[in-house]
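Below, chain A is the first sequence line, B the second, and so on; all start at residue 1.
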2 protein chains.
Amino acid sequence: MTDIFEALAHPVRRAVLKKLRAGPMSAGDLADAFPVTKPTMSRHFAALKDSGLIRAERIGTTIRYRLNVSVTEDAVAAVMGLLGAGKDDEDGENSHER
Amino acid sequence: MTDIFEALAHPVRRAVLKKLRAGPMSAGDLADAFPVTKPTMSRHFAALKDSGLIRAERIGTTIRYRLNVSVTEDAVAAVMGLLGAGKDDEDGENSHER
DNA sequence: ACGCTAATTAGCGTCAATGCTAAATAATAG
DNA sequence: CTATTATTTAGCATTGACGCTAATTAGCGT
């Protein structure tokens, strides 16, 4: 489980999350929407999946990625914690399932 | 003004923001709170300042850093945008090279 | 089994981030 | 002006991220 913030640090990965807001999408369709090669996109997917922000489901030969809302909510909470809204125990590398 | 998310990507920088929630702090005091050298901390401060997340004010020989709440709020809004709460125009940037 | 499509992994080059030590700047005190 | 303290900048090494092409795995259909 790598860092959520690290996953959010790359503009392409954030754009992938944005696209997935509309609903699940296949790796190929997702990759076609960006000006980088599929292998490169695959590594971005891996980073997002590793952080827990997205999930993968194999359908046939295709892999369908979808947003993992609960983890995205954690990211929101963490950033809000940096603001000062919370008590004092934010950014605590919580555990998530995949 | 570099990317806010890039600034948030490093654990030390997030911890600095967390510390600054309690109020402004000098570069030296801030640096003493982390297990890295002052020059290294200085570069973390520069990254945070460059992203707009913190602001610097020279007091005498010391420099006082403080949280820039409005930009932190922007970060929260951006992450919430990734979730899907907003309409569809978040994370307004389409550049992907560095 | 063979071929086709979808996606990932392997291998490589390049460039930026991170850390250090040493030197430079900024401001104050004497 | 010199000394001292606070902080940053310069220079260097190491590591990791990112992108590519080529090769590999996975599943389906014939």
Original post:
To the nearest angstrom, how far is Phe45(A) atom CZ from dA6(C) atom C1'?
Top reply: 12 Å
Original post:
What residues form a side-chain hydrogen bond (donor to acceptor under 3.5 Å, both in side chains) with Thr62(B), not counting sequence neighbours?
Top reply: none
Subject >> salt bridge (Lys or Arg N to Asp or Glu O under 4.0 Å): pairs with one or both residues in residues 52-72 of chain B, sequence neighbours excluded >> reply: none
Original post:
What residues in residues 49-63 of chain B put a non-hydrogen atom under 4.0 Å from any atom of DNA chain C?
Top reply: Arg58(B), Gly60(B), Thr61(B)
Original post:
For Leu48(A) and dA17(D), what is the distance between atoms CG and P respectively, to the nearest whole Å?
Top reply: 14 Å
Subject >> With Leu53(A), the side-chain contact (heavy atoms from CB on, under 4.5 Å) member among Leu20(A), Leu67(A), Leu48(A), Val16(A) >> reply: Leu48(A)
**OP:** Using the closest heavy atom to pick a nucleotide of DNA chain D for each, name whichever of Glu6(A) or Arg43(B) lands nearer the 5' end.
**Re:** Arg43(B)
**OP:** Not counting sequence neighbours, which residues clear side chain to side chain contact (heavy atoms under 4.5 Å, CB included) with His10(B)? List them please.
**Re:** Val12(B), Arg13(B), His44(B)
Original post:
With respect to the phosphate group of dA6(C), does any side-chain polar atom (N or O) of Tyr65(A) fall under 4.0 Å of OP1 or OP2?
Top reply: no
Original post:
Are His44(B) and dG19(C) close enough that a side-chain N or O sits under 4.0 Å from OP1 or OP2?
Top reply: yes
**OP:** Please identify each residue that fulfils side chain to side chain contact (heavy atoms under 4.5 Å, CB included) with Asp29(A), with sequence neighbours left out.
**Re:** Met25(A), Ser26(A)
Original post:
Are His10(A) and dG19(D) close enough that a side-chain N or O sits under 4.0 Å from OP1 or OP2?
Top reply: yes
Original post:
Met41(B) has an atom CE; how far is it from atom P of dG19(C), in whole Å?
Top reply: 9 Å
**OP:** Tell me, please, which residues at least two apart from Ala56(A) pass side chain to side chain contact (heavy atoms under 4.5 Å, CB included).
**Re:** Lys49(A), Ile63(A), Tyr65(A)
Original post:
Which pairs count as salt bridge (Lys or Arg N to Asp or Glu O under 4.0 Å) when at least one residue sits in residues 31-47 of chain A, sequence neighbours excluded?
Top reply: Asp32(A)-Lys38(A)
Original post:
Taking CZ from Arg14(A) and P from dC18(D), how many angstroms apart are they, rounded to a whole number?
Top reply: 11 Å
Original post:
What residues, two or more places apart in sequence or in another chain, satisfy side chain to side chain contact (heavy atoms under 4.5 Å, CB included) together with Thr61(B)?
Top reply: none
Original post:
What residues in residues 22-39 of chain B put a non-hydrogen atom under 4.0 Å from any atom of DNA chain D?
Top reply: Ser26(B), Ala27(B), Gly28(B), Lys38(B), Pro39(B)
Subject >> Side chains of Asp74(B) and Thr72(B), donor plus acceptor under 3.5 Å >> reply: no
**OP:** Looking at every strand, decide which applies to Arg13(B) at a 4.0 Å heavy-atom threshold: base, sugar-phosphate, or nothing.
**Re:** sugar-phosphate
**OP:** Quick one: look up who dT30(D) pairs with, Watson-Crick or G-U, both distances under 3.5 Å, and put none if it's unpaired.
**Re:** dA1(C)
